[in-house]
Amino acid sequence: MAQRLSMRNIGKAFGGVPVLSDVELTLEPGEVVALLGSNGAGKSTLVKILTGLYTRDGGVVEVDGSPVVFSRPADAIAAGVKLLPQEISVMPDMTVAENILLGELPTKTIFGFRQVDDEAMRRRASELLAQLGFRDLDVTQPVKRLSVAEQRIVEIARAIAGQARILIMDEPTAALTEQEAHLLFAIIRRLKAQQVSVVYISHYMSEVFEISDRIVVLRDGRNSGNFATAATDKTQVLAAMLGETAGDLYPDTPPPPAGAEILTVDNLVVRDEIAGVSFSVRAGEILGIFGLVGSGVEVLGRALYGAVGSVRAGTVTLDGKPYRPSNPQAGKRAGIGFVAAERKKEGIIADLTVRENIALPFQSRFTRGLFVARDLETGHAGNWIRDLSIRTRGPEQKLRTLSGGNQQKVCLARWLVDGVHLLILEEPTRGVDIGARREIYGKLRELTGNGFAVIILSSDVEEVAGISDRSLVLDRGRIVQHFEKGATPAQLMAATAETVTPAA
Amino acid sequence: MTTTTADTAPTLKQRAMNLLAKPWSGVAMLLVFYLLLLAVFAILSPFFLTVRNMLQIGTNVAYIGLMAAAGTPLIVAGGLDLSVAAIAGLTGVLISLMVTAGIPVWIAVALALVVAAMIGVANGLFTTKLRLNPLIVTLGMMSIVSGIALVMTGGLTRPMMIDGFNWIGAERFVGIPIPLIIMVVTFLVLWVMMTRTKFGRYIYASGGNPEAARLIGIPVGRTIIVLYVISAVAGALAGTILGAMLGAAAPNAAGSQLLTVIAAIILGGTSLNGGRGSVWGTLLAVLILGTLNNGLTLLNVSSFWQDVTRGVVLMLAVSLDQVRSRALGE
C-alpha cells in the first residue's frame with residue numbers, strides 16, 4: 001500500500017533565510033507520528049506547508065501516492081488534510097450537529113427550496129460521534145455548553161465528516177485535564193483503527209511516548225531524528241531535539257558575586273495562572289525562568305512589573321521594602337524595566353523614531369521646562385545605538401524599518417537609565433537573529449556586572465540553559481524545579497515533562 | 001537586454017508606493033492640491049483671488065478649523081469625537097439662555113466652557129475606563145447633547161446680540177478677523193503640544209501602539225481623556241465664535257459641519273488607526289474644503305453640489321489613507 005503522506009526534500013526560506021532544508025515527513029495509513037523540535041526548529045512552517053498556508057520552495061508532497069500542490073488551505077482540506085489548531089475553533093452558538101456537519105450540511109428539497117435536513121443532520125452527527133466512541137452526547141445542544149474536551153471531540157468529528165485522512169493535532173491537550181487527555185488518546189486509537197493518520201505535535205514527552213508510533217525530530221530546519229517510539233527513550237529524543245548547545249552564543253559566565261537580594265517573591269498567586277510561587281533574585285545575577293505555553297511564564301513577569309492589575313495573594317519585597325505594583329507606572333518608579341514578549345504588538349511604537357522610542361519611558365528626563373529637549377534625546381539615543389551596536393541609519397530612523405533584532409535592542413535601551421536596576425525580560429530573543437542574540441546576551445552579562453539583576457522568562461529551553469546563573473522551571477502555575485547552579489536544556493525539559501506523567 | 005532592466009527597475013506602482021511611504025508626502029500633496037485649486041478658481045472668477053475674499057474664506061472656516069485642530073491629536077491618540085459639533089450648538093444656546101437670565105456674558109462663556117469640558121471628561125471615561133468604542137460613545141453623546149440643546153430652546157433659534165460680545169465674531173485686529181486669529185493661534189498651540197512636549201509624545205505613542213505604551217508606563221487613558229476635554233472645549237469655543245458671528249444661537253448651528261471636521265482631519269493625513277498625523281495637514285485640508293465651498297459659490301454652483309463635492313473629497317482622502325497604510329506595510 002502507498003504511504004498516506006510523503007513529504008520529501010521540503011525547503012522553505014523567508015527573505016533568503018532558510019527555515020526548512022531537505023526536510024522529510026512520512027505517514028503510513030493509521031500511523032501516529034509525533035513531530036518534535038524546540039521553538040524555531042521549523043515545526044510550524046512544515047505544518048503550514050502541509051496545510052496549504054505556505055507554499056514550499058522545493059521538494060515533493062504526495063498523498064496516497066499522488067503528488068499534490070496545495071496553494072490554498074482549501075486545497076489541503078480537499079485532499080483530506082485537516083489541522084486541529086491549538087486554539088479550539090467551534091461556533092459556540094451552533095448545535096453540536098451543525099458544528100460537526102458545517103462543511104456538508106445534508107439538505108432536502110421542499111416546495112423547490114433546498115433546506116437543511118435536520119433529521120439527517122442529527123443522525124449523521126450521532127453516527128460520527130459513535131464512531132469515536134461517544135454515543136450519549138446530545139447533538140442538539142449548543143456547543144458552548146460542552147466542556148473543552150468535548151469541544152475537541154466535536155472538532156475531530158467535524159474533520160472525520162470532511163473525510164479527513166490526515167489529522168494534524170497541535171498541542172491538543174493544552175487546555176485539557178489529565179483525564180480528558182486520556183479520553184483524547186482513546187479517540188486517537190479509534191482513528192488509527194479507521195486508518196486515519198495523525199501528526200501529533202506536543203511539548204510533553206510523556207504524551208508523545210504514550211500515543212505515537214514514531215517520533216520525527218526537527219532541529220534548525222532539518223531532520224535530526226526518526227525513532228520508532230517503542231525502541232527509543234526520552235534521552236535519545238531530547239538529544240536529537242537539542243543537539244550540542246550552541247556554545248559561543250552565550251558569554252563565558254564568571255560565577256556571580258553574591259550581591260544583595262533585590263527581589264523576593266513569596267507565595268505569589270496571580271489570577272488562575274500562577275498558583276503560589278516563591279523565589280528571589282540578587283544583584284549581579286541572571287535568573288532564568290523556563291516554562292512552556294500555558295505554564296504561567298506569560299504572566300509571571302508582568303505581574304511583578306505591575307501589568308496585570310493587582311495580584312491575588314502573596315508578598316513581594318523589592319530592595320527590602322514591600323512592593324505591590326498596581327500598574328506599570330508603579331513598576332517603573334520602583335526601578336524595574338520590562339520588555340514584553342510580543343515585540344510588534346507590545347513593544348515597539350513603529351511610527352516613532354529610534355530616538356523617540358528610546359526616550360519614551362523616562363521622557364521627563366529628556367524635557368526642559370515644558371518642552372522636549374531634542375539634544376538630550378539625540379545624545380542619549382546615540383550612546384545606546386553605539387553601545388548596543390543598533391544597526392540604523394541614525395537616531396531619526398523610524399523604528400518600523402529596523403530588523404527584529406535591532407528593534408529588540410531599542411526596547412532594551414529604553415530601560416538603561418539611572419535608577420533602573422532590575423530587568424524583567426520576556427522571550428528576550430524571540431525572532432532575533434543569531435548575531436543580535438549574541439550581542440544582547442553579552443550586554444545582559446555586562447549589566448549584571450554593573451549590579452543589575454535580570455529575570456528572563458522564556459519558553460526557549462536553550463536560552464534559559466545558556467544564559468542563566470540560576471534557573472527555575474514553571475509548569476501549570478507552579479515552580480516544579482530549582483537549578484541553583486544552572487542546568488542543561490535536557491534537565492529543564494525533563495523537569496516539565498515529568499509532571500505530566502499520570503501520578504499513579 | 002530589455003527584459004533584464006524590466007526585472008530590476010522598480011515599477012511605476014512601486015515608485016508611487018515608495019513616495020507615499022515618505023512622511024511628508026501627505027502634506028506636500030495637499031499643498032500642491034491647494035495651490036492648484038487657488039489657480040483654477042483665480043482663472044475662473046475675478047472675485048476669487050483678492051485679499052478680501054481670502055480673509056472671508058479664513059473667517060468662514062475658523063470655527064470648523066478650531067474643531068478639526070483639536071480633533072487631530074485626539075484621532076492620533078486613537079480616539080474620535082463625533083459630539084464636537086453638537087457641543088458647539090449647545091454652547092451657543094447655553095450662553096444665550098444664561099445672558100437672558102442676567103448672568104454677565106463672559107461668565108456665561110466660562111460656564112459653558114466648563115460644561116463642555118465635563119462632556120469631554122464623560123466621553124473620555126466611557127471610552128478609556130469602560131473601553132467602549134469611541135464611535136458609539138461620541139455618537140450617543142452627540143445625540144444627547146443636541147437633544148438637550150433642542151429641549152432647552154424648544155427647537156427655536158435664539159437671538160444672540162449681546163453688548164460687548166459680538167466683536168469676537170466681527171472685529172479685526174491689524175486687519176485680520178478675530179475668528180481667523182483664534183483659529184491660527186489654536187493650530188500653533190496644538191502644533192507645539194504635539195511635537196515639542198512630553199504630552200505630545202504620549203499622544204503618538206498611545207495611538208501608535210496602545211499596549212506597548214501602557215507597558216512602558218505611559219498613562220494612555222489619562223492622555224486620551226485630556227484630549228477629549230480639549231476637543232470638547234474647542235467645540236465650545238467654536239460655538240461661541242459662531243454665535244458671535246451670526247448674532248444668533250441655533251441648537252444645531254454647527255451640526256452640518258461635523259462631516260467637514262472629520263473629513264478635514266482625514267484628508268489632512270491623520271490615520272484613523274491612530275499614531276500618525278499632524279495639525280498642518282488638517283489646516284491645509286480645512287483651507288481646501290473652505291476654498292472649494294467659496295469658489296463653487298462664486299461660480300454659482302448650487303450648495304447641494306457642494307455637499308456632493310465634500311463627500312467625494314472625503315472618500316478620496318480615506319482611500320488615500322488606506323493606500324498609504326499599505327505602502328508602509330501594515
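Per chain, numbering begins at 1; letters A, B, ... match sequence-line order.
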Should the heavy atoms of other residues, nucleotides or ligands under 6.0 Å from CZ of B:Arg222 be counted, would the total exceed 12? no
Could you tell me whether B:Glu211 and A:Lys345 make a salt bridge, using a distance below 4.0 angstrom between a side-chain N and a carboxylate O? no
Is atom CZ of B:Phe126 surrounded by more than 12 heavy atoms (other residues, nucleotides or ligands) closer than 6.0 Å? no
Are the side chain of B:Arg214 and the backbone N or O of A:Ala307 linked by a donor-acceptor pair below 3.5 Å? yes
In terms of heavy-atom contacts, does CG of A:Asp375 have more than 12 from other residues, nucleotides or ligands at under 6.0 Å? yes
Contact part of B:Pro210 toward chain A, heavy-atom cut-off under 4.5 Å: side chain, backbone, both or neither? neither
Less than 4.5 Å to any heavy atom of chain B: does that hold for the side chain of A:Arg414, its backbone, both, or neither? side chain
I'd like to know which of B:Arg201, B:Arg196, B:Met193 tops the heavy-atom pair count under 4.5 Å against chain A. B:Arg201
Heavy-atom distances under 4.5 Å only: say whether A:Leu352 touches chain B with side chain, backbone, both or neither. side chain
Quick check: closest heavy atoms across B:Thr195 and A:Arg374, and the distance to 0.1 Å? O-NH2, 4.1 Å
Should we say atom CG of A:Asn450 is surrounded by more than 12 heavy atoms from elsewhere, each under 6.0 Å from it? yes
Among B:Gly207, B:Gly217, B:Ala213, who wins on heavy-atom pairs under 4.5 Å with chain A? B:Gly217
Under 3.5 Å donor-acceptor, B:Asn209 side chain and A:Lys344 backbone: yes
Paired with B:Ile216, the side-chain contact (heavy atoms from CB on, under 4.5 Å) test is passed by just one of A:Trp415, A:Phe362, A:Phe338, namely A:Trp415
Under a 4.5 Å cutoff for heavy-atom pairs, which residue among A:Cys411, A:Ser364, A:Ala340, A:Gly369 has the most contacts with chain B? A:Ser364
Give the member of A:Thr367, A:Leu360, A:Thr401 that has the highest number of heavy-atom pairs under 4.5 Å with chain B. A:Leu360
Donor-acceptor pair, distance only, cut-off 3.5 Å: does the side chain of B:Tyr204 make one with the backbone of A:Ile349? no
